[in-house]
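Below is one structure, written out as structure tokens, with a few remarks after it.
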Amino acid sequence: MIAGPLFIVAFLIEGATRTGYDPMRHPVSSLALGDLGWTQTLNFLVCGLLSLAFAVGVRRAQGGFWGPLLIGVWAVAMVLAGVFTTDPISGYPAGTPALPTEYSGLPALLHDAVAIPGFGALIIAGLVIAVRFARRRKYGWAAYSAGTVVVFATSLVMSQLGFNQLEPWVDHAGLFQRITIVTGLAWLTLLGLYLRRAGFPAPHNPENPEDPTPARKPVLPNSPAGARSARPAH
């Protein structure tokens, strides 16, 4: 649950104090460049490992498969984003081109490559969990999860248009990426708080829709339990 707040606070402080860096224009990954780049590298690694632990916690709390798995994919992508450093873009650090014509090496290529399944996994996770909440009649959480997906995906596309130096997005690409990251991590944080407090809602009892307790399985007469219940009292 603390992965998101820690990651956000760290990159906000780094972005505000790094010479030549414009948070409105430049991506968070660019903070891993330069002499102080190790701070953002560490930020990626810590956030990814904590998010991986969170995915395990979600699995234990709600027992699903796809939601926790997809959150785990996002977490691994965060770790790999720290392992593989990006190329300069949008003119940061100073003196570098706005859009490199080719990758400087394999690490930069892999940094961009792992971002695709990472962001995609979190989008699908939001949809999966939204459906899960809707089936359990938690419509507020279902709507919030679905809304998160819409904002996350839309701002992600807008940021990528800007990083590809397309007007009018280029001057605000960093802002759109921050909206993407904060939206996704805020959702994960609040989801964790919800699960910690209430646990994931159990399937409702079809015999009584108002009863959130799962329906009990019928006891067959020839089962051990049925035999005991059917035995006449003395």
Side-chain angles (χ1 to χ4, degrees), residues 3-4 7-45 47-48 51 70 73-126 148-188:
F7 187 80
I8 293 168
V9 169
F11 77 64
L12 287 177
I13 294 174
E14 293 177 74
T17 57
R18 197 70 61 84
T19 302
Y21 183 87
D22 182 1
M24 295 289 289
R25 180 183 179 89
H26 299 129
V28 171
S29 294
S30 291
L31 290 167
L33 301 170
D35 294 338
L36 295 176
W38 64 270
T39 58
Q40 180 56 36
T41 296
L42 182 62
N43 196 23
F44 275 126
L45 296 175
C47 182
S51 297
L70 291 164
V73 172
W74 156 265
V76 171
M78 291 288 283
V79 171
L80 294 177
V83 173
F84 305 116
T85 305
T86 187
D87 271 340
I89 196 169
S90 296
Y92 179 84
T96 58
L99 186 64
T101 56
E102 59 183 12
Y103 287 105
S104 63
L106 183 60
L109 172 63
L110 292 176
H111 179 92
D112 285 355
V114 300
I116 298 173
F119 284 118
L122 197 58
I123 290 172
I124 300 172
T148 294
V149 169
V150 173
V151 175
F152 185 93
T154 301
S155 55
L156 175 63
V157 170
M158 295 169 75
S159 69
Q160 294 308 304
L161 291 174
F163 294 142
N164 280 286
Q165 308 305 302
L166 297 178
E167 297 290 352
W169 317 108
V170 61
D171 289 333
H172 299 92
L175 173 62
F176 290 128
Q177 189 191 58
R178 281 158 176 76
I179 293 173
T180 303
I181 295 171
V182 171
T183 299
L185 291 181
W187 174 72
L188 289 175

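- Summarising the geometry of V150 relative to T154, their closest heavy-atom pair is O-OG1, 2.7 Å, with the distance given to 0.1 Å.
- One distance of note links CG of D87 with CG of L109; it measures 9.5 Å at 0.5 Å rounding.
- A heavy-atom distance below 4.5 Å is found between the side chains of R18 and L31.
- Side-chain contact, S29 with T86: no donor N or O sits under 3.5 Å from an acceptor N or O.
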Go through the steps to decide whether L122 and L70 satisfy the test side-chain contact (heavy atoms from CB on, under 4.5 Å), and finish with yes or no.
-> CA-CA 6 Å; L122 197 58; L70 291 164; over 6 Å; no

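- Closest heavy-atom contact between T39 and E14: OG1-OE1, 2.8 Å.
- Here CD of Q160 is found 8.0 Å from CG of D112. Values are rounded to the nearest 0.5 Å.
- Taking CG of L42 as the reference point, atom SG of C47 lies at 11.0 Å (rounded to 0.5 Å).
- Around the CD atom of E102, the shell of radius 6.0 Å holds no more than 12 heavy atoms that belong to other residues, nucleotides or ligands.
- Atom CH2 of W169 is separated from atom CG of L175 by 11.5 Å, given to the nearest 0.5 angstrom.
- Of all the heavy atoms in L80 and V114, the pair that sits closest is CD1-CG1, 3.7 Å.
- Listed for the H26 side chain is a donor-acceptor partner under 3.5 Å among the backbone atoms of D22.
- In this structure, the side chain of Y92 does not engage the main chain of A98 through any donor-acceptor pair within 3.5 Å.
- Side chain of H111 to backbone of F84: a donor-acceptor contact under 3.5 angstrom is found.
- The backbone N or O of F163 lies less than 3.5 Å from a partner atom in the side chain of Q165, making a donor-acceptor pair.
- S155 contributes atom OG, which lies 14.5 Å from atom NE2 of H172 (distance to the nearest 0.5 angstrom).
- Ring geometry, F7 versus F44: the interplanar angle falls from 30° to 60°, so the pair is classed tilted.
- Ring orientation note: the planes of F152 and W74 are nearly perpendicular, at an angle over 60° on the 30°/60° scale.
- R25 places no side-chain N or O within 3.5 Å of a backbone atom of A173 that could act as its donor or acceptor partner.
- Taking every heavy atom of both residues into account, Y21 and P27 meet most closely at OH-O, 2.7 Å.
- Annotation for V73 and P117: closest pair CG1-O, 3.9 Å, computed over non-hydrogen atoms.
- Taking all atoms of both residues into account, the shortest heavy-atom contact from V28 to Q177 is N-OE1, 2.7 Å.
- Here the side chain of Q40 pairs no donor or acceptor atom with the backbone of F11 at under 3.5 angstrom.
- How far CG of N164 is from CD1 of I89: 6.5 Å, rounded to the nearest 0.5 Å.
- The backbone N or O of L156 lies less than 3.5 Å from a partner atom in the side chain of S159, making a donor-acceptor pair.
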